[in-house]
Participant: 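Quick one: the structure is below, questions incoming.
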Amino acid sequence: LVAGPGLGHQHHHRMGERVAALDEEFEGVVEAGGVGLALVGDRPELGDVVSEERRGNRRLFRRDPLGYVLRATAAHGPISALTAGDPRAVIVSGPPLMRGLLAAPEAFRPIAPDDPIAPFNLASLAYGAPPAVPPQQLHESLLLRELYDLTLTQIEALLDRWGIGQQADIIYVMTRLTRRIALALLLGPQAAEEPSLADLLERWSLARHGLLLQRPEPVLARLRSVLLQHYEVAGPGVRRLRAVAERQDASSLAVAALRVLAAQETTGLTLGWTVFLLSQHPRVLADVEQEIAHVCGNRAPTLADLDELRLLSRVLRETQRLFPPLAVGARITTAPVALGGYTLPAGATIIYSPVLNHRADTYVAPLRFRPERWLYLEPTPESFHPFGLGPDLWDGEPWATLQLKLILARMLQRYRLALAPHETIHRAPSPLFAPRNGIAMIIGFRDRPLIVREPRGNIRSLIYLR
């Protein structure tokens, strides 16, 4: 995965050229007064909506979902309409409104692939269909011991190929690593080494981010077809899925496998963002290294050791608060709903952003990286939802936690990673909270002082690094 300086950056640079033009277009429309979303009037219904420009808002939202939500909320408060005079799509933020979404789960459903706004919700694009296996059984079916062994094998092989002084895009490297682990678990070790399958997963990821001219549906169909072809030569994960699937057929298992593969992208993002944040906070990094040394010494952490890495758990939770994998999510009303003093009809799309909600006044100094806050703070669903809202979400926390802790612990036992000089980090215009061009890190000696370099880019508007 590491072949020298610039790993992954040519891959991301092609995407960056395209999305830079989209950012400029968005800024131009905003400056021209083309986005007006405020709700006005005394009557509690969304018919009283004023906007200077009806056309273009939906298109701008599709091109940069998070940017649109951030600007709309800053200009018009916790609830606003996406399109003037249309109560079928609204943007909401803040714990009180999130509680409203959670109070009556039967009044909302997840986005479906044929919904107008579906291309910009992680659940619909990642999975493409309702889960074939009950979410609470999915991670139980994948034995943690098998996952531990595969993860340790893959991370050790990766670290053995690293060299001091090499530069790597940590987002690209970590995402590829977690995909390989998922492929090996689901389809057997040979699948992780198959270039065509890895390339297909890469195209699927780019299509889901909206960074390919091709729509994601054909890529998704091709990926599902490949998974079906591998059905008879499955790895331990699919064998376990067969034991709990409600329908013992290849199609249902392919859908379940897609959910697992999609979840690996969010794990890779969390790993990359965590490495970045530790490179900016040397005291926290030193404390994490000390905890790992105290619990594990120089050996690889065992499953029991991972439970003892409590500071690392807080670091990961704080990373998911500041950089939640899901930037923008949505729910659909199944009946008329009163929300924020307005009446929404059945079939309305409720758009929300974990990025915005995780920076609410619920948190002290919400723009600062402070893992210690989780010593006394218990997260609630309305204020902490890095993977979105709703009972349809896959509950894969035990799986993700194992991978995150094991990979980070082994990495920090062997190397220190510093941000590359003059690195610029812009967020991608995507439903996932990802950097547009990755994050370049320099691989260094474990026992050398960390060189702290601050990044440039619009990421600095979302976090205080000093």
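Below, each value reflects all heavy atoms present in this structure, side chains not excepted, and no hydrogens, waters or symmetry copies. Positions are given from 1, in the same order as the sequence printed here. Small disclaimer: the values here were computed from a predicted structure and weren't measured.
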Participant: How far apart are the C-alpha atoms of Asp64 and Arg427, what are their side-chain angles, what is the distance that settles it, and do they pass the salt bridge (Lys or Arg N to Asp or Glu O under 4.0 Å) test?
Facilitator: CA-CA 10 Å; Asp64 185 5; Arg427 58 171 184 79; 2.9 Å; yes
Participant: Determine whether more than 12 heavy atoms belonging to other residues, nucleotides or ligands lie under 6.0 Å from atom CG of Asp160.
Facilitator: yes
Participant: Do Val92 and Met98 touch side chain to side chain, with heavy atoms closer than 4.5 Å?
Facilitator: yes
Participant: To the nearest 0.5 Å, what is the distance between CG (Leu417) and CD1 (Ile170)?
Facilitator: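 Taking CG in Leu417 and CD1 in Ile170, the distance rounds to 5.5 Å.
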Participant: The test is side-chain hydrogen bond (donor to acceptor under 3.5 Å, both in side chains); show your working for Asn458 and Ser461 and say whether it passes.
Facilitator: CA-CA 6 Å; Asn458 64 18; Ser461 67; 5.7 Å; no
Participant: Hey, what do you get for CG (Leu147) to CG (Leu406), rounding to the nearest 0.5 Å?
Facilitator: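 It is 8.5 Å, given to the nearest 0.5 Å.
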Participant: Would you find a donor on one side and an acceptor on the other, under 3.5 Å apart, between the side chain of Arg460 and the backbone of Pro455?
Facilitator: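 Indeed, once roles are kept as given, a pair shorter than 3.5 Å links the two residues.
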Participant: Under 3.5 Å, side chain of Arg453 to main-chain N/O of Ala420, donor-acceptor pair present?
Facilitator: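 Judged by distance alone, no pair lies under 3.5 Å.
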Participant: Please test Arg109 against Arg331 for side chain to side chain contact (heavy atoms under 4.5 Å, CB included), starting from the C-alpha separation and ending with a verdict.
Facilitator: CA-CA 6 Å; Arg109 65 169 175 82; Arg331 308 287 289 169; 5.6 Å; no
Participant: Test Thr270 against Thr267 for side-chain hydrogen bond (donor to acceptor under 3.5 Å, both in side chains), laying out the working first.
Facilitator: CA-CA 5 Å; Thr270 299; Thr267 302; over 6 Å; no
Participant: Work out which heavy atom in Ala360 is nearest to a heavy atom in Pro95; give both atom names and the distance.
Facilitator: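 Residues Ala360 and Pro95, closest heavy atoms: CB-CD, 3.9 Å.
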Participant: Shortest non-hydrogen contact from Pro325 to Thr266?
Facilitator: CB-CB, 3.5 Å
Participant: Please tell me if the side chains of Thr319 and Thr274 come closer than 4.5 Å, counting only heavy atoms from C-beta onward.
Facilitator: yes
Participant: With a 4.5 Å heavy-atom cut-off, do Ile181 and Gln403 have their side chains touching?
Facilitator: yes
Participant: Please round to the nearest 0.5 Å and tell me the distance separating atom CG of Asn357 and atom OG1 of Thr362.
Facilitator: 8.5 Å
Participant: More than 12 heavy atoms of other residues, nucleotides or ligands under 6.0 Å from CD1 of Ile451: is that the case?
Facilitator: no
Participant: Work out which heavy atom in Leu102 is nearest to a heavy atom in Pro105; give both atom names and the distance.
Facilitator: O-CD, 3.5 Å
Participant: Evaluate Glu318 against Arg373 for salt bridge (Lys or Arg N to Asp or Glu O under 4.0 Å), listing each step before the verdict.
Facilitator: CA-CA 8 Å; Glu318 183 70 350; Arg373 75 174 77 244; 3.0 Å; yes
Participant: Excluding sequence neighbours, so at least two apart, what forms side-chain hydrogen bond (donor to acceptor under 3.5 Å, both in side chains) with Arg317?
Facilitator: none
Participant: Looking at Leu322 and Arg359, what are the two nearest heavy atoms and their distance?
Facilitator: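 Nearest pair, atom of Leu322 first, then Arg359: O-NH2, 2.7 Å.
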Participant: Are there more than 12 heavy atoms of other residues, nucleotides or ligands under 6.0 Å from atom CD of Glu378?
Facilitator: no
Participant: Could you tell me whether a side-chain N or O of Ser383 sits under 3.5 Å from a main-chain N or O of Pro379, the two making a donor and an acceptor?
Facilitator: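 Not at all, since once roles are kept as given, no pair shorter than 3.5 Å links the two residues.
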Participant: Show your working on side chain to side chain contact (heavy atoms under 4.5 Å, CB included) between Thr175 and Arg179 and close with a plain yes or no.
Facilitator: CA-CA 6 Å; Thr175 302; Arg179 285 182 193 149; 3.5 Å; yes
Participant: For Ser313 and Leu316: C-alpha separation, side-chain torsions, deciding distance, then whether side chain to side chain contact (heavy atoms under 4.5 Å, CB included) applies.
Facilitator: CA-CA 5 Å; Ser313 295; Leu316 288 167; 5.8 Å; no
Participant: Tell me the closest heavy-atom pair linking Ala409 and Pro301, and the distance in Å.
Facilitator: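 Scanning both residues, the minimum pair turns out to be CB-CG, 3.7 Å.
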Participant: Kindly say whether the aromatic ring centers of Phe369 and Trp273 come within a distance under 6.0 Å.
Facilitator: no
Participant: Before giving the answer on salt bridge (Lys or Arg N to Asp or Glu O under 4.0 Å), spell out for Asp305 and Arg299 the whole-Å C-alpha distance, their side-chain angles and the decisive distance to 0.1 Å.
Facilitator: CA-CA 11 Å; Asp305 290 336; Arg299 59 173 173 78; 2.4 Å; yes
Participant: Treating His385 as the side-chain partner and His358 as the backbone partner, does any N or O pair qualify as donor plus acceptor under 3.5 Å?
Facilitator: no
Participant: According to side-chain hydrogen bond (donor to acceptor under 3.5 Å, both in side chains), who are the partners of Arg410, at least two apart in sequence or on a separate chain?
Facilitator: Glu156, Gln413
Participant: So do Glu454 and Gln280 actually touch side chain to side chain, heavy atoms under 4.5 Å?
Facilitator: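 Sidechains of Glu454 and Gln280: in contact.
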Participant: Is the backbone of Ala440 close enough, under 3.5 Å, to the side chain of Tyr172 for a donor and an acceptor to pair up by distance?
Facilitator: no
Participant: Between atom CE of Met411 and atom CZ of Arg446, what is the distance when rounded to the nearest 0.5 Å?
Facilitator: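 Between Met411 CE and Arg446 CZ, I get 13.5 Å after rounding to 0.5 Å.
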Participant: Should Ser353 and Leu66 be marked as a side chain to side chain contact (heavy atoms under 4.5 Å, CB included) after you check the CA-CA gap, both sets of side-chain angles, and the distance that decides it?
Facilitator: CA-CA 7 Å; Ser353 171; Leu66 177 58; 3.4 Å; yes
Participant: Is the shortest heavy-atom distance from the side chain of Val328 to the side chain of Tyr352 under 4.5 Å?
Facilitator: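 Of all side-chain heavy-atom pairs linking Tyr352 with Val328, none is under 4.5 Å.
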Participant: Taking the side chain from Arg321 and the backbone from Pro366, do they hold a donor-acceptor pair closer than 3.5 Å?
Facilitator: yes
Participant: Under 30°, 30 to 60°, or over 60°: which ring-plane class applies to Phe323 and Phe433, parallel, tilted or perpendicular?
Facilitator: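 Rings of Phe323 and Phe433: perpendicular, as their planes differ by over 60°.
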Participant: Just verifying a value: how many Å separate Phe276 CZ and His281 NE2, rounded to the nearest 0.5 Å?
Facilitator: 8.5 Å
Participant: Output the distance between atom CG (Asn437) and atom CD1 (Ile425), rounded to the nearest 0.5 Å.
Facilitator: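 The CD1 atom of Ile425 is 10.0 Å from CG of Asn437, to the nearest 0.5 Å.
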Participant: Please report, to 0.1 Å, the donor-acceptor pairs under 3.5 Å made by any side chain of residues 282-292, with sequence neighbours excluded.
Facilitator:
from	atom 1	to	atom 2	distance (Å)
Glu289	OE1	Arg416	NE	3.4
Glu289	OE1	Arg416	NH2	2.7
Glu289	OE2	Arg416	NE	3.0
Glu291	OE1	Leu311	N	3.4
Glu291	OE1	Leu312	N	3.2
Glu291	OE2	Arg310	N	3.0
Glu291	OE2	Leu311	N	2.7

Participant: Just so I know, are the side chains of Ser93 and Pro78 near enough to count as touching, which here means a heavy-atom distance under 4.5 Å?
Facilitator: yes
Participant: Ring pair (Phe, Tyr, Trp, His ring centres under 6.0 Å), that's the test. Do Trp374 and Phe384 meet it? Break it down for me.
Facilitator: CA-CA 12 Å; Trp374 300 105; Phe384 186 76; 5.3 Å; yes
Participant: Would you say Leu278 and Leu412 make side-chain contact, with heavy atoms under 4.5 Å?
Facilitator: yes
Participant: Hey, does Leu404 have a side-chain heavy atom less than 4.5 Å from the side chain of Leu271?
Facilitator: yes
Participant: Over all heavy atoms of both residues, which pair between Arg370 and Ala365 is shortest? Give the atoms and the distance, please.
Facilitator: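 The answer is NH1-CB, 3.6 Å.
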